Amino acid sequence: MHIGLIGLGKMGFNMRERLRRAGIEVTGFDRNPDVADVASIDELVAALPAPRIVWVMVPSGEITDKVITELSEKLSEGDLVIDGGNSRFTEDQRHGEQLRAKGLRFADCGVSGGVWGLENGYGLMAGGDAADIELAMPVFDALRPEGERADSFIHVGDVGAGHYAKMVHNGIEYGLMQSYAEGYQLLAAKDIIKDLPGTFRAWQKGTVVRSWLLDLVVKALDEDPGLEKIADYVEDSGEGRWTVEEAIANAIPAPAITAALFARFESREDSSPAMKMVSALRHQFGGHATRPAE
């Protein structure tokens with residue numbers, strides 16, 4: 001199989017490598033010529049066999065809109081576009097209609113795994129017609145971890161469903177990170193705690209709070225025991241806000257996720273050890289930028 005991949009940033013660059021290791025031929029395009037395989041989207045389209053599969057891995061919003069529009073003008077009937085970025089599900093539905101009007105196919109895929117996905121594989125949540133998902137299944141299988149497909153891949157439903165599931169996933173992630181971070185702050189504030197990093201390390205096996213995020217807490221503390229190198233300013237990338245908006249729209253109580261989102265807003269005003277840990281965790285799993293301590 002031979003696919004196109006547009007966007008070779010922190011995620012896309014590693015995804016291209018993982019696909020190639022699995023025997024998938026990938027032609028990648030990025031605005032950075034140092035990482036691109038071709039110089040333009042025109043060259044990418046020309047390099048792909050029909051029916052073409054083009055995976056879009058660029059920032060959500062205006063940039064994704066521009067790429068989808070350009071592809072709608074350059075691809076041929078029956079070609080498939082997959083948005084693997086973090087677009088809002090309502091944008092997927094609009095993009096799907098835009099492409100269908102020109103005889104093109106569209107699917108969305110939420111991707112989780114951050115900068116560790118190259119070696120560990122990615123959790124995937126896809127939305128779209130069953131035939132389109134089946135066409136791209138070798139790509140999904142190459143990207144996900146080894147083992148049972150159902151443990152790391154799901155065809156959630158129609159167009160938009162994949163990113164809706166990823167949105168909720170990220171909302172849960174907000175709450176989990178906030179809980180670890182608040183626990184960190186409680187431990188750091190108590191003078192009877194003599195080995196704070198070791199406390200988290202001791203939770204990694206046998207306890208009910210063990211998880212990959214806990215492993216990353218330990219890694220962050222190994223690298224910077226007092227989190228002195230990092231500011232407590234924490235960005236939010238959109239999915240948390242959308243999750244809270246959906247909770248409100250559907251009258252679903254989501255106090256933990258909502259509080260975690262509001263805590264990120266608060267981090268931009270006051271010094272907080274807990275928010276240092278949230279910032280450190282975002283950097284550990286996703287390579288998200290941090291601010292240096294002042």
Side-chain angles (χ1 to χ4, degrees), residues 10-11 14 86 111-123 145 152 166-241 243-244 247 253-294:
K10 290 191 299 286
M11 292 279 283
N14 284 344
N86 279 328
V111 180
S112 182
V115 296
W116 298 84
L118 172 59
E119 300 301 331
N120 297 343
Y122 302 88
S152 56
K166 178 59 163 47
M167 176 194 73
V168 174
H169 164 282
N170 282 25
I172 293 169
E173 178 186 290
Y174 273 51
L176 291 172
M177 286 196 290
Q178 190 65 30
S179 293
Y180 283 123
E182 291 173 8
Y184 167 78
Q185 184 165 358
L186 278 168
L187 291 167
K190 198 67 174 177
D191 58 3
I192 62 174
I193 300 298
K194 304 303 183 186
D195 186 354
L196 193 159
T199 301
F200 279 99
R201 185 179 300 279
W203 293 350
Q204 288 183 282
K205 296 181 180 179
T207 78
V208 296
V209 300
R210 64 189 185 274
S211 71
W212 184 46
L213 280 175
L214 177 61
D215 296 341
L216 294 178
V217 168
V218 173
K219 185 174 184 294
L221 291 174
D222 282 345
E223 295 173 359
D224 185 4
L227 300 183
E228 296 175 353
K229 300 176 183 177
I230 190 170
D232 56 0
Y233 186 104
V234 183
E235 292 284 1
D236 66 286
S237 53
E239 296 90 344
R241 297 187 189 211
T243 304
V244 172
I257 294 172
T258 303
L261 174 64
F262 288 175
R264 295 196 180 189
F265 298 161
E266 186 178 14
S267 80
R268 300 164 199 178
E269 299 177 3
D270 302 310
S271 179
S272 168
M275 300 318 295
K276 283 177 176 279
M277 178 54 75
V278 173
S279 186
L281 278 170
R282 292 181 81 245
H283 178 69
Q284 287 291 334
F285 72 76
H288 299 292
T290 62
R291 292 194 177 191
E294 296 181 355

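In this text the structure is predicted, and so the values were computed from the model without any measurement.
- The side-chain heavy atoms of D236 and Y174, taken from C-beta on, include a pair separated by under 4.5 Å.
- W212 and W116 have perpendicular rings, their planes meeting at more than 60° on a 0 to 90° scale where under 30° would count as parallel.
- Looking at Q178 and V278, their side chains come closer than 4.5 Å, going by heavy atoms from C-beta outward.
- Without hydrogens or angle criteria, S267 side chain to M275 main chain gives no donor-acceptor distance under 3.5 Å.
- Contact record, R210 with Y180: C-OH, 4.4 Å, taken as the closest heavy-atom pair.
- Closest heavy-atom contact between P145 and Y122: CD-O, 3.3 Å.
- At a threshold of 4.5 Å between non-hydrogen side-chain atoms, the residues Y184 and L221 count as touching.
- Under the side chain to side chain contact (heavy atoms under 4.5 Å, CB included) criterion, L186 pairs with no residue, sequence neighbours left out.
- To the nearest 0.5 Å, atoms CD1 (I172) and NE2 (H169) are separated by 7.5 Å.
- Within the structure, the side chain to side chain donor-acceptor pair (under 3.5 Å) test picks out the following pairs touching residues 276-286 (sequence neighbours left out): K219-Q284, E223-Q284.
- Considering only heavy atoms from C-beta on, T243 stays 4.5 Å or farther from N170 through its side chain.
- Side-chain contact between R264 and M177 is present, with at least one heavy-atom pair separated by less than 4.5 Å.
- Applying the side chain to side chain donor-acceptor pair (under 3.5 Å) rule to Q204 yields the partners D215; only residues at least two apart in sequence or on another chain are considered.
- In this structure, CG on D222 lies 11.0 Å from CG on L216, to the nearest 0.5 angstrom.
- Between R201 and D195 no salt bridge is recorded (no basic side-chain N to carboxylate O distance below 4.0 Å).
- Here the straight-line distance linking atom CD1 of I257 with atom CZ of R241 works out to 15.5 Å at 0.5 Å rounding.
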